[in-house]
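Everything numeric here is computed off the predicted structure, so don't read it as measured data. Below, chain A is the first sequence line, B the second, and so on; all start at residue 1. Values reported hereafter were calculated over all heavy atoms of this structure, with side chains retained and with hydrogens, waters and symmetry mates removed.
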Number of protein chains: 2
Amino acid sequence: MDVEKVGRMAKDRKIDLVILGLLAHENLTGYDIKKRIDGAISFFWKGSFGSIYPALSEMEKQGLVKRKNSNKTGGREKIVYQISKSGKDALKQWLNDEQATNDLKYETLLKTYFGGLEDRSITLRNIEVFEKQVKGNLELLNFYKENLEKVLEEADHVHYYLTVLFGIETYEAYLRWCNKAKKIMKEH
Amino acid sequence: MDVEKVGRMAKDRKIDLVILGLLAHENLTGYDIKKRIDGAISFFWKGSFGSIYPALSEMEKQGLVKRKNSNKTGGREKIVYQISKSGKDALKQWLNDEQATNDLKYETLLKTYFGGLEDRSITLRNIEVFEKQVKGNLELLNFYKENLEKVLEEADHVHYYLTVLFGIETYEAYLRWCNKAKKIMKEH
DNA sequence: ACGATATATATCAAAACGATATATAAGAGC
DNA sequence: GCTCTTATATATCGTTTTGATATATATCGT
C-alpha cells in the first residue's frame, strides 16, 4: 500500500510571515509594508510589490488579515490592512516552531525581529537552535580551510580559499552575535 | 520624444554564471554541478535542479555550452557539458563588470570564487567595490543602532536592536575579510 | 539476492523577483 | 499659475527560482 500523499502545503509563502509580523504592530498599506521591509529588515530579508500585494489579497481571503478601511472617494485609493485573530495565531505558531530556514535568508533573524509577541524564552530558544546550526557549518568550513591550505600554491585555490575565509569570518561573527543576543535577552 | 525602451535583457539568470564558472574548470553533468553548488559554494549561493537543467539546455541553444558526450547506450543517460569560447567570454565579461548584486546572495563572493580566470587585479577591484558597499551599509546600521539605544526600554525595541546588532556584527566581519583578502591577493 | 543509497535527468506548481503601468498628491522652482 | 520632480499607492506581467516529485540505473553493504 502507498504512503498517503500530502502534496505541497499551502504555506510556502515566507512573505506572509513578514507581513503578519509587521501588521501585528500597526495597521499598514501594502506600500507601507514595502517601506518597512526596505528599512531595517532589508539586511536580512527582501520583498517586492509583486509578492506583497498578491499575498495581502490572498491572506484576506484566508481571513488572516482584513481591510481596516478602503478610502476610494477622493484621491488615490488606499487600503489599510489589519491583522486578524487567526493571523496573529498563525504568526505565533511560526514563532514557536523550532524549524527555521537559515540558508541565505535568515529566518531566525526574522523571528528575532518579531519576537516581541511571545515570551523572551522563545526568542532565546530560537537563537540557540540557530547557534547549533552555525557551529555545525563552521566546523565544515574549517575542514575545507585546512584542506585548501595544503594546496594553496595550485592555480585557483587561493580564490576558493578566500571564499572559505569569508564563510568562517561571517559564521564566527554569527556566534559572537548569539552570545551577545543571549546575554541581552537574559539581562534585559 | 520618448526614451528608447530596451525591455528586459535576456541575462537575468544568475545561475548561468555559476554554471559557466564551474564548467570553466572541468566538464560536468547537471548532477555534478548541483553537487559543486551544494559544496563550498552553498555558503553564499544556492541552486536547484529545477534551475540547473533548464539553464543548461538553454545555454546550449545559445552556444555558451556544448555537449561533450551523451552516453545513451547502456545505463542511465549522462550528459557531460563543456564550456564554449563564447561561454568563457560571457563569464569573463561578468567578472570584469564592476556591478554586483550584494543583497542576500553575494555576487562578489561568486566572482571571487571564479576569479582565477582573470588577473588578480580584477578580484582585487571587485573586493574593493564590495568593501565600499559594506561601509555604506554599516554606517546606516550604526545610525539605526544609536536611535534604538534611546528607546531600548520600550516594548519590542530590544528585538529590533538585536537584529541591528546582527547586521553590524556581520558587516564588520565582511570588512575584516576584505582586509585579509586584499592582503592575501597582494602577497600571494 | 536484497535493500538502501548514490547517480542522473526531467518536470511542475508555487513563489519571488524585477520591471513597468497607472494614478494622485505634494513641493520646488520659475 | 504652471511645470517638473518626487513620493505615495495599487496592480500586473514575464522571467526566474524553489522545492518537491517522478523516473531510471548503478553501486555497495549485508
- Message: Between P on C/dA16 and CD1 on B/I15, what's the gap in Å once rounded to a whole number?
- Response: 19 Å
- In what stems does DNA chain D take part, counting only runs of at least 3 consecutive Watson-Crick or G-U pairs whose two distances fall under 3.5 Å? C:1-30 with D:1-30
- Message: Using the ring centroid of each side chain, check whether A/F166 and B/F44 are separated by less than 6.0 Å.
- Response: no
- Query: Would you say a side-chain N or O of B/T29 is under 4.0 Å from OP1 or OP2 of C/dT7?
  - Reply: no
- Considering only D/dT10, C/dA16, C/dT9, which nucleotide approaches the side chain of A/I79 most closely? D/dT10
- Item | Gap between atoms CZ and P, on B/F49 and C/dA13 respectively (whole Å) | 20 Å
- Could I get the full list of salt bridge (charged side-chain N to carboxylate O under 4.0 Å, His left out) partners for B/K132, not counting sequence neighbours? none
- Task: Send over the distance from A/Q62 CD to C/dA14 P, rounded to a whole Å.
- Result: 13 Å
- Query: Closest nucleotide of DNA chain C for A/G47 versus for B/Y81: which of these residues is on the 5' side?
  - Reply: B/Y81
- Note on the structure: Comparing nearest nucleotides in DNA chain C, the 5'-proximal residue of the pair A/A55, B/Y53 is B/Y53
- Item | D/dT8 OP1/OP2 closer than 4.0 Å to side-chain N/O of A/Y31 | yes
- Taking CD1 from B/I52 and C1' from C/dT11, how many angstroms apart are they, rounded to a whole number? 14 Å
- Task: Classify the angle between the aromatic ring planes of B/F43 and A/Y171 as parallel (below 30°), tilted (30 to 60°) or perpendicular (above 60°).
- Result: perpendicular
- Task: Ignoring the backbone of B/S48, work out which of D/dT18, C/dA19, C/dA16 is nearest its side chain.
- Result: D/dT18
- Query: In whole angstroms, how far is the C1' atom of D/dT16 from the CG atom of B/L56?
  - Reply: 15 Å
- Task: For side chain to side chain donor-acceptor pair (under 3.5 Å), just list the numbers for A/N96 and A/E118, CA-CA rounded to whole Å, side-chain angles, deciding distance to a tenth of an Å, and then say yes or no.
- Result: CA-CA 8 Å; A/N96 280 275; A/E118 291 287 297; 2.9 Å; yes
- Can A/E149 and A/Y161 be counted as having a side-chain donor-acceptor contact under 3.5 angstrom? yes
- Item | Side-chain N,O (B/K35) to OP1/OP2 (C/dT7) below 4.0 Å | yes
- How would you list, by chain and number, every residue that makes a side chain to side chain donor-acceptor pair (under 3.5 Å) with A/S57, sequence neighbours excluded? none
- Between B/T29 and B/D32: side-chain donor-acceptor atoms closer than 3.5 Å: yes
- Message: Any base atoms under 4.0 Å from A/G50, or only sugar-phosphate, or nothing? Heavy atoms, all strands.
- Response: base
- Between atom NZ in A/K46 and atom C1' in C/dC17, what is the gap in whole Å? 12 Å
- Query: Looking at the side chain of B/R13, which of D/dT16, C/dC17, C/dA19 is the nearest nucleotide?
  - Reply: D/dT16
- How long is the line joining CG of A/D12 and C1' of D/dA20, in whole Å? 9 Å
- Query: CD1 of B/I33 versus C1' of D/dT17: gap in Å, rounded?
  - Reply: 16 Å
